[in-house]
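Basis for what follows: all heavy atoms, side chains included, without hydrogens, waters or symmetry-related copies. All figures in this text were calculated on a predicted structure; none of them were measured in a lab.
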Amino acid sequence: MTTSSGLPRELVVFISYENDRSPEAIAQEMVKALGVGRAEYGVDLITRACEVRVGYDRALFDQIRGWLTSRGIIHDFSFLG
């Protein structure tokens, strides 16, 4: 789903429970390191995976993707309208 401009409104970053470190700790470190500002966190009580929701911005998406990839963090993305 996207806005009338064709762009999503939110970016959801899924940080996998398969990482060596706590997904929530990784999420908090990422938000702080990149100066994301407002972010919402959700932790799956069964798997301990973490979702981070931020407002969509292409440059921010590229920064987040680069930060996670350069650290070998197992992750995925979703986009919400």
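When all heavy atoms are compared, the tightest approach of Asn19 to Gly72 is OD1-O, 4.1 Å. When all heavy atoms are compared, the tightest approach of Pro23 to Arg48 is CG-O, 3.3 Å. For the residue pair Ala39 and Val52, the shortest heavy atom distance occurs at CB-CG1, 4.0 Å.
Applying the side-chain contact (heavy atoms from CB on, under 4.5 Å) rule to Asp44 yields the partners Ile46, Thr47; only residues at least two apart in sequence or on another chain are considered.
By the 4.5 Å heavy-atom criterion applied to side chains, Cys50 and Val43 are counted as neighbours. When side chains are defined from C-beta on, Val13 counts as touching Leu68, because their heavy atoms get closer than 4.5 Å. Side-chain contact between Ile26 and His75 is absent, with no heavy-atom pair separated by less than 4.5 Å. Leu11 has its side chain within reach of Phe79: a pair of non-hydrogen atoms, C-beta onward, lies under 4.5 Å apart.
Taking the six-membered ring where the residue is Trp, Tyr56 and Phe61 present tilted rings, their angle falling between 30° and 60°.
Tyr17 and Val12 are members of different hydrophobic clusters when ILVMFWY side chains are connected at heavy-atom separations under 4.5 Å. In this structure, Ile74 is not a member of the same hydrophobic cluster as Phe77, with clusters built from ILVMFWY side-chain heavy atoms closer than 4.5 Å.
Among residues at least two apart or in separate chains, side-chain hydrogen bond (donor to acceptor under 3.5 Å, both in side chains) pairs with a member in residues 24-39 are Arg21-Glu29, Arg38-Glu40. Within the structure, every pair that satisfies the side-chain hydrogen bond (donor to acceptor under 3.5 Å, both in side chains) test and touches residues 62-72, not counting sequence neighbours, is listed here: Arg58-Asp62, Asp62-Arg65.
Residue Met30 holds its CE atom at 10.0 Å from CD1 of Ile73, rounded to the nearest 0.5 Å.
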